[in-house]
Amino acid sequence: QVQLVQSGSELKNPGASVKISCKASGNTLTTYSINWVRQAPGQGLEWLGRINTRNENPTYAQGFRGRRIVFSLDTSVTTAYLQITSLKAEDTAVYFCARVVTPFSGMDVWGQGTTVIVSS
Amino acid sequence: DIQMTQSPSTLSASVGDRVTITCRASQAISDWLAWYQQKPGKAPKLLIQKASSLESGVPSRFSGSGSGTDFTLSIGGLQPEDSASYYCQQYDSYPWTFGQGTKVEIK
């Protein structure tokens, strides 16, 4: 059973950047896409976007199309990354990666989450 | 963007009760709907996709129905371990969107 393992918690100052990793066990992200979802403290789930693991084409949620967030993959397609620049206090959240295996599927495997705290 | 509206926001029920959560989409999404369960401090878990297709390993007391704009998640015979938050999510079109969640508590 594939697992997604994310990098550890981060504490960042406002205006800084953070890069979160999501590594697939079994060495390869043999899937359709990796999606990124965040959850602010005490709040619901927010979809940030996804990256197609076959052609590396990203799709960003509306609020992030100014490219404050960037999705990427490593060349061997074992790890996905989420980079957020110009961090704000409201970016404080748990960030999850999640797998989708076909264009007609829900997110069936999730990483354990990465806590990002933005505070001066 | 497609808005997903869940109700109720919170429900309290007894062990053995049948509970139903509803999810309404602001426009038709066919049956491109998933349901997730999330326990505190944990990642969401996919329960149902394509509105009614139960994921492997999910207890059969969970069921989903609906198409178009109106969907339901039912738990037939609530168990203590079902205490969690539940979210619907549409994957008909980008951006994918979630309902605001329903917190299920055990009396």
Side-chain angles (χ1 to χ4, degrees), chain A residues 1-7 9 20 22-25 31-52 57-66 69 71 93-115, chain B residues 1-10 21 23 25-26 29-58 62 64 67 71 73 84-104:
Chain A
Q1 171 72 335
V2 67
Q3 288 184 305
L4 298 176
V5 181
Q6 297 183 225
S7 50
S9 298
I20 300 166
C22 171
K23 183 172 175 61
S25 63
T31 184
Y32 175 70
S33 69
I34 291 292
N35 291 253
W36 291 93
V37 174
R38 76 177 179 183
Q39 186 169 39
Q43 302 301 307
L45 301 170
E46 178 183 20
W47 184 78
L48 303 180
R50 61 118 209 191
I51 185 164
N52 185 309
N57 181 43
T59 303
Y60 297 98
Q62 183 81 32
F64 300 97
R65 288 181 191 163
I69 64 171
F71 308 135
V94 179
Y95 290 78
F96 297 99
C97 60
R99 178 186 84 162
V100 167
V101 292
T102 78
F104 313 104
S105 311
M107 294 176 273
D108 69 334
V109 176
W110 292 66
Q112 82 278 17
T114 296
T115 299
Chain B
D1 297 3
I2 298 174
Q3 307 301 316
M4 306 300 292
T5 304
Q6 275 182 245
S7 62
S9 297
T10 307
I21 299 167
C23 179
S26 61
I29 59 169
S30 184
D31 56 359
W32 303 119
L33 185 101
W35 289 98
Y36 300 88
Q37 176 193 67
Q38 187 182 31
K39 297 184 177 181
K42 299 295 186 182
K45 174 186 176 181
L46 178 64
L47 298 176
I48 288 168
Q49 59 181 320
K50 213 166 182 298
S52 60
S53 180
L54 197 68
E55 282 296 284
S56 176
V58 175
F62 290 91
S67 68
F71 302 87
L73 171 70
S85 293
Y86 294 84
Y87 295 89
C88 62
Q89 175 244 326
Q90 67 81 18
Y91 53 103
D92 176 77
S93 61
Y94 295 124
W96 289 358
T97 45
F98 289 91
Q100 78 276 21
T102 296
K103 187 173 183 179
V104 173

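Please read these numbers as outputs of a predicted model, since none were measured by experiment. Chain identifiers are assigned alphabetically (A, B, ...) following the order of the sequence lines, protein sequences preceding nucleic acid strands; residue numbering begins at 1 within each chain.
- Close approach to chain A, defined as a heavy atom under 4.5 Å from one of its heavy atoms, is seen in B:Lys42, B:Ala43, B:Pro44, B:Leu46, B:Gln49 of residues 42-49 of chain B, taken by number.
- For chain B, no part of A:Val109 is nearby; none of its heavy atoms comes within less than 4.5 Å.
- Between chain B and the options A:Asn35, A:Leu48, A:Leu45, the largest number of non-hydrogen pairs under 4.5 Å is found for A:Leu45.
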What verdict does the side-chain contact (heavy atoms from CB on, under 4.5 Å) test give for A:Glu46 and B:Thr97, after you've listed the backbone C-alpha separation in whole Å, the side-chain angles of each residue and the deciding distance to 0.1 Å? CA-CA 7 Å; A:Glu46 178 183 20; B:Thr97 45; over 6 Å; no
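- Residue A:Thr115: no heavy atom, backbone or side chain, is found under 4.5 Å from chain B.
- The distance between the ring centers of B:Phe98 and A:Trp47 does not fall below 6.0 angstrom.
- Proximity to chain B is absent for every atom of A:Val94, based on heavy atoms less than 4.5 angstrom apart.
- Side-chain contact, B:Gln100 with A:Gln43: no donor N or O sits under 3.5 Å from an acceptor N or O.
- Distance check, rounded to the nearest 0.5 Å: OG1 of A:Thr59 to CH2 of B:Trp96 gives 9.0 Å.
- Separation of atoms CZ (A:Phe104) and OG (B:Ser30) is listed at 11.0 Å; rounding is to 0.5 Å.
- The closest donor-acceptor contact from the side chain of B:Tyr36 to the backbone of A:Met107 lies under 3.5 Å.
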